[in-house]
Amino acid sequence: MKRRIEELEELKKLGINPYPYEFPVNAYSVEILQNFKDDDQPMNVSVAGRIMSIRRMGKATFSHIQDSKGKIQVYFKKDVLGDKYDILRLLDIGDIIGVKGEVFRTKTGEITVKVEDYQVLAKAIRPLPVVKEKIDERGNRIVYDPFTDKEMRYRQRYVDLIVNPEVKQVFIKRAKIISSIREILDSHGFIEVETPILQPIYGGATARPFVTHHNALDMDLYLRIADELYLKRLIVGGFDGVYEIGKDFRNEGMDRMHNPEFTMLELYVAYKDYNWMMEFTENLIYEVNLRVNETPKIKFGDNEIDLTPPWRRAPMFELLKQYTGENLEGKSEDELRAIATRLGVDVSSKIGAGKIIDEIFSELVQPNLIQPTFVIDYPVEMSPLAKRHRNNPRLVERFEVVICGMEVCNAFSELNDPIDQRLRFEEQARLRAQGDEEAMAIDEDFIRALEYGMPPTAGLGIGIDRLVMILTNQRTIRDVILFPHMRPEK
RNA sequence: GGGCCCGUAGCUCAGUGGUAGAGCAUCUGCCUUUUAAGCAGGAGGUCGGAGGUUCGAUCCCUCCCGGGCUCACCA
């Protein structure tokens, strides 16, 4: 770094501002490479980017500069640049420059800008990890000395993005996934809304919250764990379809699938049920994927996933039977506990029947569900906000979508009976008193809203980060979140 | 929180109970179509931190910090 600061001072002494105000860019690296034709009129371009490699050969210098779209080689020649050529010695890998010149093809065939003039746009005083690469005879990109330290990649994502181009592609895809979802939902006439992140009572999911404090009101507030209860209030208020894409916060462990803050889509549609929502969901994800990946069959790890609808629909108890050989339907809590033990699934003594079933399911069934699967019809105790099943009062009309063993969506026919809702909340309060820290609190205002009448409604939640993982073939959530949560650096 | 593993030069990594090495980056010199440019030479390190064992610790032990994988917890 010391050396680079000296170079910086030297540039200033020569009357060169190492941090000027603008540069007239009129072309991008990959577009030049695509548009160049050998027998065309000379093509004059003005490109800007970061120096990623530099090969000095006395009175000629080759360098690759990287802009937002890719890389292009530039060629500096003493003949052409005169005294300005000598200033090149003050430039390093990592510096940002702008060049103007004519595009040509070198002896070895690479499309290159012959620099007629150039300008320093930002001197980098901190050295960049230098990643070298070569294209072999088969056209494969071989990377030497890759920048792979995960801690540094996540803490200094800006460096990761500079030197690992495939990382950038993941986040470009992520943006496209989210904008495609918006376009599709908007085209169906759904209204995008924003609901509170700071909530006096947290609800809509079972999870522990982050707590914060409002000074003026001198009261604790919670960062939301879900948007659900507010969005349903809007259905009560007369919107037919509302959705929100935003961050939820859950104060729990972090691992390959979980980050304390994560992005959720929630969608509520009046006069529909979960059957309608299944069809909508498979079509939505199919269409989003097509726009992003241009094929319905995608790779995830060693698996090929076919997102073409219709997806398999299977009742939870049927899947349990298929993968464990046990029929759990209608069993008491004690019986379930015995079955869990027999199957080798550890269950805490604090949890109730619903959660025991959930445990067995996530451990023995879910990992086997690779192709997109709607798991439907959950036990009522697990789902205090879902409507009872029309054919079986012990179940609710709920589905989750599992892809590659990952739960990606959760949806119900929404409970709109205010009396039943109160009973379900009271059951939750009982579990809470028993020591279940994630059980829900009673939200009186939400019940009051239901008392005014909510139409039959279907609701859907999609974990956007997990969806992005699947559509970009990334194994950990940290690789689809730009700045994943880390312990602070010392 | 438990288990296993990791932390050595800017980056990627070797290594040994006698205070360190490679490749690339960097610096000097040569080089006007190179591309992992090349050739010659040079510099660069509190071996994550603090203790301990030892004549002597980067190496062995303990604790701490940070990270990875995994299990648990958890959607």
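Rounded to the nearest Å, the gap between the P atom of B:C27 and that of B:A43 is 16 Å. Comparing the same atom, P, in B:G49 and in B:A9 gives a spacing of 11 Å after rounding to whole Å. The P atoms of B:G17 and B:C4 are separated by 23 Å, rounded to the nearest whole Å. B:U19 sits 11 Å from B:U46 when the C1' atoms are compared, rounded to a whole Å. Comparing the C1' positions of B:G15 and B:G45 gives an interatomic distance of 15 Å, to the nearest angstrom.
Look at CZ on A:Phe361: it is 16 Å from C1' on B:C74, rounded to the nearest Å. The CD atom of A:Glu151 sits 10 Å away from the C1' atom of B:G48 (whole-angstrom rounding). Taking atom CZ on A:Arg256 and atom P on B:C73, their separation rounds to 16 Å, with Å as the unit. Note: CD1 (A:Ile93) to P (B:A25) measures 7 Å, nearest angstrom. Distance CG (A:Asp255) to C1' (B:G2): 15 Å, rounded to an integer number of Å. Atoms CZ (A:Arg89) and C1' (B:U28) sit 13 Å apart, rounded to a whole Å. In this structure, A:Met254 places its CE atom 8 Å from P of B:G67, rounding to the nearest Å. Note: OH (A:Tyr75) to C1' (B:U35) measures 13 Å, nearest angstrom.
Open room surrounds CZ on A:Arg475; 12 or fewer heavy atoms of other groups in view lie less than 6.0 Å from it. Counting heavy-atom neighbours within 6.0 Å of A:Phe171 CZ, excluding the residue itself, gives a total above 12. Atom CD of A:Glu194 has 12 or fewer neighbouring heavy atoms from other residues, nucleotides or ligands inside a 6.0 Å radius.
Base pairing in RNA chain B yields stems of at least 3 consecutive Watson-Crick or G-U pairs, both distances under 3.5 Å, namely B:1-7 with B:65-71, B:10-13 with B:21-24, B:26-30 with B:38-42, B:48-52 with B:60-64.
A residue-by-residue look at A:Arg475 and A:Arg466 shows that A:Arg475 has its nearest nucleotide of RNA chain B further toward the 5' end. Between A:Ser362 and A:Lys78, the residue whose closest nucleotide on RNA chain B is further toward the 5' end is A:Lys78.
OP1 and OP2 of B:U35 both lie 4.0 Å or more from every side-chain N or O belonging to A:Lys134. Applying the 4.0 Å criterion to OP1 and OP2 of B:U34, one finds that A:Arg55 has every side-chain N and O outside that range.
Here the side chains of A:Val45 and A:Val103 are in contact, with some heavy-atom distance below 4.5 Å. Taking the side chain as every heavy atom from C-beta outward, A:Met52 and A:Ile162 approach each other to under 4.5 Å. In this structure, the side chains of A:Lys123 and A:Asp95 come closer than 4.5 Å at one or more pairs of heavy atoms.
If you check residues 56-73 of chain A against RNA chain B, the residues with a heavy atom closer than 4.0 Å are A:Arg56, A:Met57, A:Gly58, A:Lys59, A:Ala60, A:Phe62, A:His64, A:Gln73, listed by number.
Using a cutoff of 4.0 Å between basic side-chain nitrogens and carboxylate oxygens, A:Lys387 and A:Asp273 are not scored as salt-bridged.
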Report all interatomic pairs (protein N or O, nucleotide N or O of nucleotides 10-15 of chain B) with separations under 3.5 Å.
unit_1	atom_1	unit_2	atom_2	d
B:U12	OP1	A:Asp149	N	3.2

Under 3.5 Å between N/O atoms: give me all the protein pairs with nucleotides 40-46 of chain B, atom names plus distance.
none

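Screening A:Leu8, A:Leu121, A:Val120 for a side-chain contact (heavy atoms from CB on, under 4.5 Å) involving A:Tyr19 leaves a single residue, A:Leu8. None of A:Asp465, A:Val468, A:Val170 except one satisfies the side-chain contact (heavy atoms from CB on, under 4.5 Å) rule with A:Gln474; the exception is A:Val170.
By the ring pair (Phe, Tyr, Trp, His ring centres under 6.0 Å) test, A:Tyr274 is found to be paired with no residue, residues two or more places apart in sequence or in another chain being considered. Every residue two or more places apart in sequence or in another chain was checked for a ring pair (Phe, Tyr, Trp, His ring centres under 6.0 Å) with A:Tyr378, and none qualifies.
Classification of the A:Tyr75-A:Phe104 ring pair by plane angle, with boundaries at 30° and 60°, yields tilted.
Under 3.5 Å, the side chains of A:His64 and A:Glu110 contain a donor-acceptor pair of N or O atoms. In summary, the side chains of A:Thr195 and A:Asp227 do not present any donor paired with an acceptor at a separation below 3.5 Å, with no hydrogens or angles considered.
Residue A:Arg3 is classed as a sugar-phosphate contact, given heavy-atom separations below 4.0 Å to backbone atoms only. As judged by a 4.0 angstrom heavy-atom cut-off over every strand, A:Glu6 is placed among residues making no nucleic acid contact.
For A:Thr106 against B:U34, a side-chain-to-base donor-acceptor contact under 3.5 Å is present.
Of the candidate nucleotides B:A72, B:U33, B:A36, B:U33 has the atom lying nearest to any side-chain atom of A:Lys114.
A donor-acceptor pair is defined here as one N or O able to donate and one able to accept, closer than 3.5 Å; such a pair exists between the side chain of A:Glu282 and the backbone of A:Trp311.
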